[in-house]
Structure formats: C-alpha cells, structure tokens
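Note: hydrogens, waters and symmetry copies are ignored here, and every other heavy atom, side chains too, is used. Letters go in sequence order (proteins before strands), and every chain restarts at 1.
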Amino acid sequence: MTMVEALNLALHQEMTKDDSIIVLGQDVGPDGGVFRVTDGLFGDFGGERVVDTPLAESAIIGMSVGMAAYGLKPVCEIQFSGFAYQSFHQLENHAARMRWRTQGRLTCPMVMRAPYGGGVRALEHHSESREAYWAHTPGLKMVIPSGPRNARALLISAMRDPDPVIFYESKALYRAFREEVPEAEETIEIGVSRVVRPGEDLTIIAYGAMLRYALEAAAELEKENIAAEVIDLLTISPLDDTLMVESLRKTGRGVIVHEAPRSFGVGAEVVSRLMEGAFYYLEAPIQRVAGYDVVIPYFSREKAYLPDVKRIMEAARATMVV
Amino acid sequence: MTMVEALNLALHQEMTKDDSIIVLGQDVGPDGGVFRVTDGLFGDFGGERVVDTPLAESAIIGMSVGMAAYGLKPVCEIQFSGFAYQSFHQLENHAARMRWRTQGRLTCPMVMRAPYGGGVRALEHHSESREAYWAHTPGLKMVIPSGPRNARALLISAMRDPDPVIFYESKALYRAFREEVPEAEETIEIGVSRVVRPGEDLTIIAYGAMLRYALEAAAELEKENIAAEVIDLLTISPLDDTLMVESLRKTGRGVIVHEAPRSFGVGAEVVSRLMEGAFYYLEAPIQRVAGYDVVIPYFSREKAYLPDVKRIMEAARATMVV
Amino acid sequence: MPRIQISIPNTVDYLSILDESGEVDSSLEPEISEEQYLNLYKAMLLGRRFDERMLDLQRQGRIGTFPPVKGQEAAQIGSVFQLKPSDWFVPSFRETSAEIVRGRSLESVLLYYNGYNEGTKLEPNQNDMPLAIPVSTQVIHATGIGFAAKYRKTDEVVMCYFGDGATSEGDFHEGLNCAAVYQTPVIFVCQNNQWAISIPLRQQTRSETIAQKALAYGMPGIQVDGNDVLAVYVAAQEAVQRARSGGGPTLIECVTYRVMMHTTADDPKRYRKDDEVEIWRKKDPISRFEKYLHNKKVLTSSLQKDLEAEVLEKIQTAVGNAEEQMKKLGDPLDMFSHLYQVLPSHIQLQKQELKRRLEVEEGG
Amino acid sequence: MPRIQISIPNTVDYLSILDESGEVDSSLEPEISEEQYLNLYKAMLLGRRFDERMLDLQRQGRIGTFPPVKGQEAAQIGSVFQLKPSDWFVPSFRETSAEIVRGRSLESVLLYYNGYNEGTKLEPNQNDMPLAIPVSTQVIHATGIGFAAKYRKTDEVVMCYFGDGATSEGDFHEGLNCAAVYQTPVIFVCQNNQWAISIPLRQQTRSETIAQKALAYGMPGIQVDGNDVLAVYVAAQEAVQRARSGGGPTLIECVTYRVMMHTTADDPKRYRKDDEVEIWRKKDPISRFEKYLHNKKVLTSSLQKDLEAEVLEKIQTAVGNAEEQMKKLGDPLDMFSHLYQVLPSHIQLQKQELKRRLEVEEGG
Ligand SMILES: Cc1ncc(C[n+]2csc(CCOP(=O)(O)OP(=O)(O)O)c2C)c(N)n1
Ligand SMILES: Cc1ncc(C[n+]2csc(CCOP(=O)(O)OP(=O)(O)O)c2C)c(N)n1
Ligand SMILES: [Mg+2]
Ligand SMILES: [Mg+2]
C-alpha cells in the first residue's frame with residue numbers, strides 16, 4: 001500500500017482499539033484530509049471522534065493540549081507543516097511542558113501530524129522542512145518515517161507515546177511507492193534509528209524523503225566499489241546516538257542528508273554528536289547535503305534546491321578522497 | 001552606562017535622525033518598557049512614533065511587516081523572547097520573505113528586540129534562549145550583543161539594516177555592569193564576529209551573557225598556562241565563518257558556549273562549520289557547553305542549568321587533554 | 001443595581017440593491033457613469049474568462065494548482081474599484097480578478113501558477129501586497145500599512161481581502177482589533193463564500209453573520225449581497241469615504257459562493273451537494289449585472305460580443321506571452337536572489353556550489 | 001433588495017446587585033445559605049490577607065516577583081464558587097484567590113513564587129490546570145477540556161479566567177470561537193481590571209464592553225459589576241447551569257480594578273494617576289460585602305475578628321511550612337524530572353554530568 005494508506009490503516013486500527021483517540025484538524029472529516037490520510041474515519045467513527053475544526057491552528061494544538069490534559073489522546077493534523085507556526089506557542093509553551101509543569105499530574109500524549117517537504121509542485125508554504133524547530137524544543141519528540149511500512153509502525157508508536165510527538169509526513173512519499181504492510185500490528189520504538197543497508201566504507205544518514213536517494217546513491221557507489229552503510233534516522237529527536245556513533249566508528253566517513261536548510265539544521269546536530277562520539281575515528285569531515293539556506297523556491301526551481309542522488313554521491317566521494 | 005541605557009541611547013539617536021523609525025510594543029510608551037529600554041522616548045517623540053500596542057504579538061510583528069512594506073522602519077519590542085512564538089508565523093511567513101517574494105519591490109527593514117536568557121530570577125517563560133529558531137530561518141538575521149558598548153553599536157546597525165533583524169538582549173546583562181559608551185555614533189557590521197582576547201592554545205566561542213564567563217574562564221586558564229582565544233560571535237546568523245575557522249586552524253581546540261539547550265542549538269552549527277573549515281587542524285573534539293536539553297527550571301534551580309565559568313574551564317581542559 | 005440590556009452603539013446593516021433576477025431597488029441605486037459601468041462589467045468578464053481558461057490550462061497540465069474565483073467577481077470588482085492607484089491593496093490568494101484590476105498582468109498570474117517566483121514580482125510604485133497564502137496573516141499587514149499611511153498623513157486607504165474561513169484565525173482578530181484601536185484607514189472585505197475547503201460556514205463560526213464580528217472591535221460592520229456588484233460598490237464606497245476622512249476601519253461581509261472546487265486539487269463532491277451549487281449558480285453575479293446593463297441600455301448584444309472577443313483575445317495573448325517567457329526563465333540560480341539585499345557569504349558559497357553542479361550537468 | 005438593520009439574536013446584559021455602599025437590589029438577590037455566605041466571605045478574606053502578606057514577603061526578599069490580586073476577590077470568588085470539585089478550573093496567572101478555593105495550598109503558592117517547580121505541582125484528581133503565564137493561551141485549553149468532558153458525556157463544566165488584555169490575543173478569539181462552534185461547556189470569565197500592565201482598556205480595544213465580544217461568536221455575554229460578589233455569583237450560576245445542561249459557553253465580563261501594581265516589579269506611578277486608584281478603592285469588593293453581611297446579621301464584629309485571626313494564623317503556618325520545605329527542596333537534579341515519562345538517554349547523560357559537577361562542588 002501507499003504511505004497514505006498505511007497511515008490511514010494505523011489510525012483506523014488504533015482508533016478501533018482506543019476510544020480516547022480523537023482525530024482533529026482542518027478537513028479531516030468528510031473530506032478525509034487534503035491528502036486523504038483520514039479518509040473513511042469520519043464514516044467509521046463519527047463526527048465526535050473525527051473532528052473538523054475551524055481554520056485556526058493555535059486552536060487545533062491548544063484544544064489538543066486541553067483534551068490530552070483531560071485524558072484523551074488527540075491526534076491532530078496541521079494541513080501543511082508550513083502552517084504549524086501559528087501554533088508554535090501552544091507547542092512550546094504548553095504541549096512540551098504540561099507533564100513537567102504539573103510534576104506528572106497532567107500529561108500531553110498527543111500527536112501532531114503534518115505533511116512536510118518539497119517535490120510535489122505545491123504553492124508557497126507547502127514545501128517547507130523545518131523539523132529542527134521542534135527537535136530543538138525540550139519536551140517534544142520529533143519523528144519522520146521514510147516509507148509506508150515504517151510510517152504505519154511509527155504512527156502507532158507515536159499514538160501510544162505518553163508524551164507529545166511531532167510527526168512529519170513527506171508529501172513526496174505519500175504516493176511515491178507501495179510497500180507491503182502487514183495487517184498485524186507493528187511498532188517502531190521512538191528514539192531508535194535503523195541501519196537499512198550495511199556497509200564498511202562510509203555512512204550515509206538520512207530520513208524521510210531523502211532516504212530513497214541515500215539508498216540509490218549507495219547502490220551507485222557500490223558500482224565504484226564503495227560500500228556505503230545507510231542509516232534511516234526515523235526519530236529526529238531524541239537522536240539515536242549509539243547507532244550512528246557506532247557506524248561512524250566503523251566507517252570513519254559520513255554524509256548526512258536532509259532537505260531542510262543546511263544551517264542550524266538537523267545535520268548540524270548529527271555532525272556534533274558524531275564529533276563528540278567518534279572524533280578519533282573520523283577520516284574526513286562529515287559532509288552535509290541539505291537544502292540551501294534560502295526559502296525553498298516556487299516549484300519550477302525546487303528540484304535544484306532539493307538534495308538528490310548526485311549531490312549525495314559527490315559528498316560521499318568527497319569523504320573518500322582522503 | 002548600563003546596557004539598558006546604551007540601547008536607549010541608540011534608539012534615541014537613531015530616531016532623532018530618521019523619522020521613519022517607529023518603536024512599537026507592549027508598554028513601550030509612558031511606561032518606557034518593562035526593562036526601561038524605551039524610557040523617555042514617548043516624551044521625546046510622542047505617541048505616534050512610540051506606540052503602545054494591544055496585547056498581541058502576532059499583531060506587533062504583522063503590523064511591523066506592513067509598516068516596513070510601506071517604507072517605515074519599525075523597531076518593535078517583544079516583551080520577553082518567550083512570547084515571540086505567538087508571532088512565529090509572521091516572522092517566518094512574511095518578515096523573512098517580503099523582499100524575496102516581491103523580487104525586491106517591498107522590503108522588510110525591521111528590528112525585533114526581545115530580552116532573552118536566564119539569571120534574573122524571573123517566572124516561567126521569562127528566561128528562555130532560543131536563538132537557533134531564528135538562525136535556522138532563511139531571510140532573517142540574528143544578533144546578540146554582549147555588553148553596553150557593542151549593544152549600542154549593533155542596535156544602530158540593525159536599525160540601518162535593509163533586512164529583518166532579530167535582536168536578543170540578555171536580561172542578565174541589562175544592568176550587570178557599566179561600560180563607557182561614546183556619545184559619537186558607532187556601528188558594528190552585522191555578520192562580523194570579534195576576537196576579544198587573543199590566545200594560541202584554544203578558542204572559546206561565546207555570545208550574549210556567556211561572553212563574560214568565557215572571558216573569566218580564559219583568565220583562569222591563563223593561570224594554568226593555557227592561552228585561550230575568546231571570540232564574541234555578536235551575530236549568530238549569518239555566522240562569521242572566516243574568523244572562527246581561522247582561530248581554530250591556529251588553536252586546534254575549541255569550546256562553544258551558550259545558555260540555550262544543547263541539542264540542535266547554535267553550538268551544533270558552530271561545530272559543523274569548524275568541522276567543515278578546520279577539520280584537519282582539530283586536535284580534539286570541540287566541546288559544547290550549553291544549557292541542558294530540558295526546559296530551563298524555575299529560578300531556584302536555574303543556576304545549575306546555566307553554563308558557568310567552571311563548566312567552561314572543564315570543557316577547555318578536556319580539549320587540552322590530548 | 002440593575003439588570004439591563006446593554007445598547008451597543010454600532011449597528012450592522014444588510015444591503016442588497018440588484019437581485020438575482022436583475023431587478024433593482026432604484027432608491028438604493030448608486031450614481032455610476034456609463035463608462036464606469038462598462039469598466040466594472042469588463043473587469044468581471046475578464047476575471048471570469050481568465051478563470052475558465054486557467055482551469056483548461058490546469059487540466060491540460062500547462063499550469064499547476066490554482067484556486068478558481070468563479071462566482072466571486074462582484075465581491076472583488078465592486079470593492080476594488082473604489083481604490084485609487086495610490087491606495088493599498090492587500091489580497092489573500094483568491095483575488096485574481098481584483099489583482100488584475102490593480103494592474104497585475106495575466107502573464108504574472110500564469111507564471112505564478114507555474115511555479116515561478118517572478119509571478120509575485122511587484123512593479124515599482126505598485127502599492128499592493130503580493131498574495132498571501134497563510135490564511136489571515138495579511139489582515140495584520142493591512143493594519144500596519146494603514147498605520148503607516150496615517151503616520152505619513154496621506155489620505156491613502158487600504159483594502160484587505162480574506163475569506164469566511166479566515167475569520168477563525170487569531171490574526172483576523174488581532175488585525176481588526178488593532179485597526180480599530182488606532183483607527184487606521186482599512187476596509188476589511190470578507191468574501192464569505194460559505195466554504196473553507198470542506199468546512200461550511202456553520203462549522204466555522206456560530207455567529208449568525210460575519211459582519212457582526214465588527215461589534216467586538218467597536219467597528220462598523222455591514223453585510224451585503226456579495227453577488228450584487230452594486231451593493232458591494234456602495235458598501236465599499238461608504239467604507240472608503242469613512243476611512244479616507246479619518247473615520248477608521250470597516251468590516252464588509254460579502255455573501256457569495258465558491259461555485260467551483262477550492263483549488264484544482266480539491267474534489268467538492270466529497271463534502272457538498274450539487275443542489276446547493278445549483279441554487280447559487282442562479283445567483284450568478286455577472287448574468288444579473290448583464291441583465292441590468294441591458295435594461296439600462298448600457299450594454300447591447302453586439303457590444304457584449306465585442307467585449308467577449310476583446311477579453312478572449314487578451315487572454316490568448318497573455319497565455320502565449322507567458323509560455324514564451326517561461327522558456328527563458330527558470331535559471332535555478334535565481335533562487336538566491338532577493339532573499340537579502342546582500343547575500344551572506346556562506347550562502348554565496350552555496351550558490352557557487354549549485355552553479356558548478358549545473359555546469360557539470362550541462363556538460364555531462 | 002433592502003437596506004435593513006440586522007437583528008442579532010444574542011443580547012448582552014449588565015448586572016449589578018450590591019452597590020459600593022452596601023445597598024442591595026433585593027429583587028435580584030440570590031438565595032444563598034448563611035454558611036455559603038460565610039464561606040464566600042472567608043475565601044475573599046483569605047485571598048486578601050494572603051496577598052498582603054505576600055507583598056510583605058516580597059519586599060523582604062523572601063519571595064520573588066508576584067502579581068497581586070487585591071481588589072479582584074469578588075470576581076474570582078463569586079465565580080469559582082459555582083464549580084464542583086469534578087469541574088475544571090483553568091486559571092491565568094492572577095487567580096491566586098480562586099486557586100486557593102480550588103484546593104491549592106498556600107505553601108504551593110509560596111514555593112512557586114520562590115522559583116520551585118514544585119509550586120505548580122497538581123494533586124492527583126485535581127481537575128485544575130496549572131497557572132498559565134503566556135497570556136490567553138489557556139483559553140484554548142479550556143475549550144479542549146470542555147470538548148473532552150462533553151465527549152465523555154459527563155456533566156462537568158470548565159471555568160476559564162483571563163484579563164482584559166488577554167482579549168486582544170488571537171488565542172482568545174480562537175478559543176471562544178471554537179467553544180461556540182462545538183458548544184462546549186465552558187464559562188469564560190474575563191476579569192476586566194482596566195489595565196494590562198501600563199495599557200488602559202481604551203488602548204486595548206475600541207469595543208465599549210468586553211461582554212459584547214461574545215456576539216462575534218454567537219455566544220451569550222454578560223457584563224457584571226466585578227466588585228459585587230453577588231452579581232458575579234449570579235452570573236456565574238446562570239452560565240454554569242447553561243453549560244451543564246448542554247447550553248454551551250458564556251462570556252462573563254467582571255468589571256473590576258487592579259488596585260495594586262501589575263507585579264511587584266512594576267511601578268504604576270509611571271503610567272496612571274492615583275486619583276483613579278482612589279475612586280476604585282472606594283468600590284472595594286470586601287468592605288461592601290462585609291456591610292451587606294452585617295446588615296443581614298450573618299456577620300458580627302466578633303465573628304469577623306475571629307475569622308481574621310483564623311485567616312492570619314493559617315497564613316502564618318503556611319509561611320513557616322513553606323520556608324521549612326524550601327530548605328529541603330532545591331536539588332538541582334530535579335530539573336530533569338517530569339520532562340518526559342522516560343528521560344531520553346542523551347539527557348540522562350546530561351543529568352549524570354550535572355550530578356558529577358555537583359558532587360565535585362560539594363567535595364571541593
Ligand atoms: C494558516 C493556514 N492554514 C491552513 C491553510 C490551508 N488552506 C488554504 S485555503 C484554506 C481555506 C480558506 O477558506 P476561506 O478563508 O473561507 O477562503 P476561501 O478558500 O473560501 O476563499 C485552507 C484551510 C492555509 N493556507 N493557511
Ligand atoms: C503572550 C504574552 N505576552 C506578554 C506577556 C507579558 N505580560 C504578562 S501579564 C501582561 C498583561 C496582562 O493583562 P491582562 O490580561 O489585563 O491581565 P492582568 O495583568 O490585568 O490581570 C503582559 C503583557 C505574557 N505574559 N504573555
Ligand atoms: Mg471561504
Ligand atoms: Mg487587566
């Protein structure tokens with residue numbers, strides 16, 4: 001199934017099990033969400049649990065905080081991650097702090113789902129990747145799946161997490177490819193990354209829509225007799241230090257890939273963790289392949305903005321030079 | 001004079017010169033701002049130019065965007081940086097993009113001033129440092145002075161900058177010490193950092209309230225025969241790569257200090273730039289001395305949260321071990 | 001120590017002049033010159049035909065996603081016609097018809113929906129904001145521009161557009177509240193087209209009208225038949241006069257309807273009944289205005305034909321021009337332009353990297 | 001095709017029962033038991049005396065900055081008394097008097113203003129939100145809690161507090177709009193104390209009353225004399241009954257006054273005249289209630305003295321307790337508690353680092 005279908009399956013299965021889950025957001029009801037991720041839920045669970053909201057992002061997050069404090073599990077949708085900033089204060093001031101502030105009496109087990117990233121010829125504000133904002137915010141967790149199967153598993157885990165989880169879904173992946181997704185439940189522990197291709201010579205770290213490019217680059221590099229290990233971060237925060245440090249201690253060379261702007265992005269933290277954990281094993285500077293430090297251009301130029309297989313390969317080769 | 005007085009002087013002098021400057025914010029009028037940075041401006045320039053606003057941060061930034069598009073130069077105050085998130089979307093969606101979106105027809109020469117940081121026994125939300133949010137946002141500039149004299153000079157430069165500048169002012173520094181500030185105009189180019197103490201053995205990079213601690217640590221380290229070079233970033237974005245890379249190429253050892261949470265913070269970007277520019281000169285991993293990845297605790301515990309001279313010295317010594 | 005009903009100084013009117021059958025209440029009819037009538041009509045017609053053409057282009061894959069205007073021409077044209085060039089126009093994202101009146105070229109619209117940043121380029125001296133996609137954010141800009149115009153002691157006014165959904169956002173509230181506090185010369189034009197994507201008005205707000213939301217700000221509000229170009233014209237005229245003479249802001253609710261899909265990516269069959277759309281099709285703003293102009297003898301069948309031809313010709317030329325232009329545009333290095341007045345050095349390096357990559361690719 | 005005034009279904013009342021001289025409009029007097037009268041009075045008195053004591057403590061450097069309640073006791077106590085323990089209470093930051101009624105210990109307040117996170121600890125089963133410092137953000141939480149209470153088919157209601165300044169924030173708007181759309185059982189209590197730090201009401205909004213802002217949401221609104229505990233009591237009772245019986249939310253504006261500084265860090269002399277304060281001192285909510293209770297023979301001089309003593313005793317004990325507790329608190333490692341249910345491993349390392357540093361410091 002596609003990633004859209006896999007996410008829908010996760011919601012459907014978990015809502016069936018747990019009547020404290022409320023899905024809310026703009027157009028999540030009869031319309032099924034602008035990307036159809038909530039398709040059919042309104043029919044199956046009714047308007048009390050699948051709640052169309054007024055056009056107000058701060059309200060979507062703020063109401064979720066209230067519902068969560070009460071004991072429900074809101075799974076809210078922000079229509080595009082570029083419109084989550086209207087609710088930044090609700091996330092930073094409250095979602096991230098409710099457990100902390102009340103010393104555990106009230107908690108905030110909510111999931112904020114939001115489509116992110118470029119590549120679907122969308123209008124302005126519909127193609128941003130700014131996961132670093134949330135990753136830098138103590139009290140939040142930040143998760144990004146890279147395909148249908150792990151999307152389903154991660155979303156289930158996010159819905160069961162006792163704390164607030166920001167869940168970014170790559171629009172470019174929504175219908176890009178299909179994967180078999182078992183009917184039976186799967187979860188992926190939040191905070192755990194995965195080696196999706198083992199290798200000895202160099203480590204490519206990626207997530208979300210960039211993972212496919214990393215894998216393609218690894219396949220190409222193989223032809224040049226370079227064995228690249230590929231890590232799928234899956235969770236951006238908390239970062240799985242152990243896995244990536246281990247890999248770099250082995251390979252000594254690394255590339256981190258994301259489509260978000262390069263500076264002050266997730267790549268910087270990955271580099272720092274690797275510097276801290278694997279400095280004496282590094283053979284070359286870790287390369288960052290990222291979006292440029294500009295606003296992602298309107299869609300006719302976005303291809304040149306987004307990282308691609310070539311850029312990853314160039315960076316990989318650069319780490320191999322020395 | 002104190003930093004509060006120096007900032008006030010900058011505003012006063014520049015408003016006298018340039019009638020397109022409008023100061024706006026909560027309580028900036030007769031009250032002179034909760035920290036008195038705008039003291040006396042209302043009396044001297046009147047309510048048309050020193051504008052008390054309703055309690056609405058999105059409106060403060062959004063009106064500034066409109067004023068700037070019209071051709072004025074709004075210098076707005078967000079009462080505490082912890083309340084800037086209510087206006088995050090106005091900054092990210094519009095202030096940062098107006099020049100870009102209109103291909104230069106409309107611009108956004110505005111300054112957002114906001115007190116940041118801990119150390120003054122304040123209530124929740126009054127002690128945060130989240131400069132990384134703005135630094136990660138293409139189209140914005142991010143500036144943090146470390147004392148009265150450079151605060152005055154940087155604020156003048158910020159007010160003359162053709163693009164939006166986020167200007168964080170350390171509350172802990174507002175009245176911490178006095179410095180002579182010449183009546184005659186001084187500016188500091190935005191994007192330029194400074195070596196404030198030269199040294200050969202190691203580089204300590206800091207900014208804002210942390211600079212003093214860096215200097216104190218350097219003085220202490222001198223007693224141990226370690227010559228620390230201290231760099232005051234002054235501008236967080238765009239980072240002055242050249243200066244810091246040069247320093248690290250010389251010293252081979254570095255510490256970056258900030259009070260913001262460690263992960264995905266400014267330190268991560270500094271580490272990455274140094275990895276990229278000075279990898280082959282590095283003798284030891286660059287150390288990050290930062291706030292912990294928790295919400296800054298209520299004030300009885302904030303001292304333990306904030307970096308101090310001891311932590312900087314420990315980190316410095318750690319870089320010297322090898 | 002009483003319990004009494006508070007009387008609220010501002011009242012909220014409803015205004016309709018030209019009904020859907022083309023009948024007019026002559027006591028309310030505005031004074032409009034024949035030329036102006038024709039200008040209004042031409043602008044509405046151009047808006048309509050361009051919208052239809054864009055839908056074709058989109059279906060053919062020649063432009064990307066766009067939000068059709070169809071059915072809202074009276075609300076847009078009746079109001080924007082009250083502006084002088086020196087006034088400020090602050091659109092949302094569905095004001096293509098009004099933007100064209102303000103001088104935006106059809107070419108620029110086509111570039112925009114083909115993903116070229118050049119499509120939001122504004123001309124020197126054009127006192128317009130570019131379109132704003134994040135809903136309601138532009139409402140506050142209008143207040144700020146109005147503040148600036150007042151500070152500079154001009155008589156400029158600002159006209160700001162948004163939808164019914166937009167009224168739920170905090171920014172709507174902050175923008176109107178501040179405009180009232182500072183008495184800035186802003187006319188807030190809500191195109192209440194009954195839907196915000198799939199959300200009908202009654203799920204957007206429990207308030208009976210949007211116009212009455214003005215009372216929360218101590219501001220005059222008026223609800224008009226938004227498919228009646230005369231009513232919109234009159235309400236906007238009153239509001240502009242008030243604003244220009246220092247009387248502060250006004251909220252105008254134009255009751256209209258989104259006859260088409262939200263954007264071309266949307267499928268309204270999922271959430272609304274065709275019957276509803278049919279009812280509103282009969283209230284079409286253009287055909288009732290045509291009847292009226294025919295009755296007034298301002299429009300004749302032959303003139304109407306000529307105007308149709310003129311409009312189609314203009315659109316045809318623009319489509320050709322835009323497609324020519326696009327062949328020449330698209331240098332990806334332009335993504336580094338206009339972000340800052342002076343590009344910071346680390347981004348210059350990124351630009352050089354991209355340049356090198358592009359050269360390699362061309363070479364390879 | 002008319003021009004007509006729109007009639008708005010909801011009306012906005014003003015209510016006052018007990019005036020500043022202690023006179024009562026007996027036709028409006030609520031039925032309250034003698035015990036309840038005394039409870040109301042005791043709660044107001046405790047709020048007042050504790051506030052005064054905190055000011056002393058602050059001036060002596062024994063607690064940090066805090067926002068005094070003085071003058072707003074009737075608005076807080078009259079309303080919060082309508083809640084059952086199972087109902088939800090959503091405060092802003094100036095509701096200390098009401099929080100105490102809800103069961104917050106004086107000790108906890110003192111810990112809070114001394115910078116201990118333990119000061120916002122909530123007890124198990126306490127259906128209260130902790131205080132919210134970012135203005136107006138809590139308004140939306142109340143709507144969400146109300147939604148949840150309705151979803152769970154309980155009869156719980158939610159009472160949410162905020163100031164006049166808070167009504168300018170977007171969150172106020174979004175919270176009330178959504179509450180009306182979903183008809184959640186929420187009572188929005190605005191303590192209009194005329195000032196938001198240095199900003200007077202007329203610079204906060206041009207709306208004549210705050211109550212009329214309810215009309216923007218199709219919600220009933222009422223303005224009451226906020227220094228009249230009976231009026232507040234009645235208005236809150238009506239609103240709670242409406243909410244509990246499925247009638248949806250209400251906005252109550254309590255017209256009161258911030259007699260003291262905004263917080264102890266503020267100097268009101270910079271922006272307001274003493275005359276104004278003097279006028280409001282005469283409208284004090286407690287002394288007028290005392291007169292009323294004396295007239296009703298519910299209160300006698302000796303009882304009043306006893307109550308005063310009881311209250312002061314309680315405060316004295318709490319101050320002692322809190323100061324004892326604080327000696328034992330303050331382990332900085334606690335900053336790592338309760339951020340997540342399970343602390344991520346990289347933060348555990350940070351905790352260990354701090355632990356080690358603290359041990360070194362203790363050792364050294
Ligand atoms: C802040 C924000 N949230 C969500 C969206 C996605 N979105 C685009 S248009 C729209 C509905 C707008 O409704 P309305 O204001 O009534 O305008 P209309 O589309 O009817 O013209 C939504 C939800 C957006 N663009 N901005
Ligand atoms: C979002 C936000 N902006 C600014 C502040 C700073 N601040 C604290 S209280 C206050 C005034 C609040 O006024 P009002 O709502 O009338 O409540 P009152 O203080 O009168 O009780 C301000 C501006 C804040 N706490 N939160
Ligand atoms: Mg609409
Ligand atoms: Mg107030």
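- Side-chain contact between B:Asp240 and B:Thr235: absent, with no pair of heavy atoms (C-beta onward) separated by less than 4.5 Å.
- The residue among B:His125, B:Glu57, B:Arg273, B:Arg262 with the most heavy atom pairs within less than 4.5 Å of chain A is B:His125.
- Here the side chains of A:Ile190 and A:Val165 are in contact, with some heavy-atom distance below 4.5 Å.
- Under the 4.0 Å criterion applied to side-chain N and carboxylate O atoms, A:Asp201 and A:Arg253 are not assigned as salt-bridge partners.
- For the set B:Val294, B:Leu274, B:Ile236, B:Asn93, the count of heavy-atom pairs under 4.5 angstrom toward chain A peaks at B:Asn93.
- The ring-ring contact (aromatic ring centres under 6.0 Å, His included) search around B:Tyr207 returns none, not counting sequence neighbours.
- For chain B, no part of A:Gln287 is nearby; none of its heavy atoms comes within less than 4.5 Å.
- The candidate with the highest count of non-hydrogen atom pairs below 4.5 Å against chain B, out of A:Glu276, A:Arg97, A:Arg101, is A:Arg97.
- For the 3.5 Å distance criterion, the side chains of A:Glu128 and A:Tyr116 fail to qualify, holding no donor opposite an acceptor.
- Within residues 82-90 of chain A, the residues having any heavy atom less than 4.5 Å from a heavy atom of chain B are, in residue-number order, A:Gly82, A:Tyr85, A:Gln86, A:Phe88, A:His89.
- The part of B:Glu283 that comes within reach of chain A is its backbone (N, CA, C, O), which places non-hydrogen atoms under 4.5 angstrom from that chain.
- Chain A forms more heavy-atom pairs under 4.5 Å with one residue of B:Ser237, B:Ala135, B:Gly265 than with any other, namely B:Ala135.
- Proximity to chain A (any heavy atom under 4.5 Å) is restricted, for B:Ile296, to the backbone atoms N, CA, C and O.
- Side-chain contact check for A:Cys108 versus A:Arg99: every heavy-atom pair is 4.5 Å or farther apart.
- At a 4.5 Å heavy-atom cutoff, B:Leu91 makes no contact with chain A through either its backbone or its side chain.
- For the options B:Ala132, B:Ala284, B:Pro297, heavy-atom pairs under 4.5 Å to chain A are most numerous at B:Ala284.
- Looking at A:Tyr280, the atoms closer than 4.5 Å to chain B (heavy atoms on both sides) all sit in the side chain, from C-beta outward.
- With no hydrogens or angles considered, a side-chain donor-acceptor pair links B:Tyr133 and A:Thr137 at under 3.5 Å.
- Between B:Phe167 and B:Trp134, the gap from one ring centroid to the other reaches at least 6.0 Å.
- For the pair B:Arg288 and A:Glu269, the salt-bridge criterion is met [side-chain N within less than 4.0 Å of a carboxylate O].
- Within the 4.5 angstrom heavy-atom criterion, no atom of B:Val270 approaches chain A.
- In this structure, A:Arg130 forms no cation-pi arrangement with A:Phe264, as its terminal cationic atom is not both closer than 6.0 Å to the ring centre and no more than 45° off the ring axis.
- One side chain, A:Asp293 or A:Ser263, offers a donor N or O that lies under 3.5 Å from an acceptor on the other.
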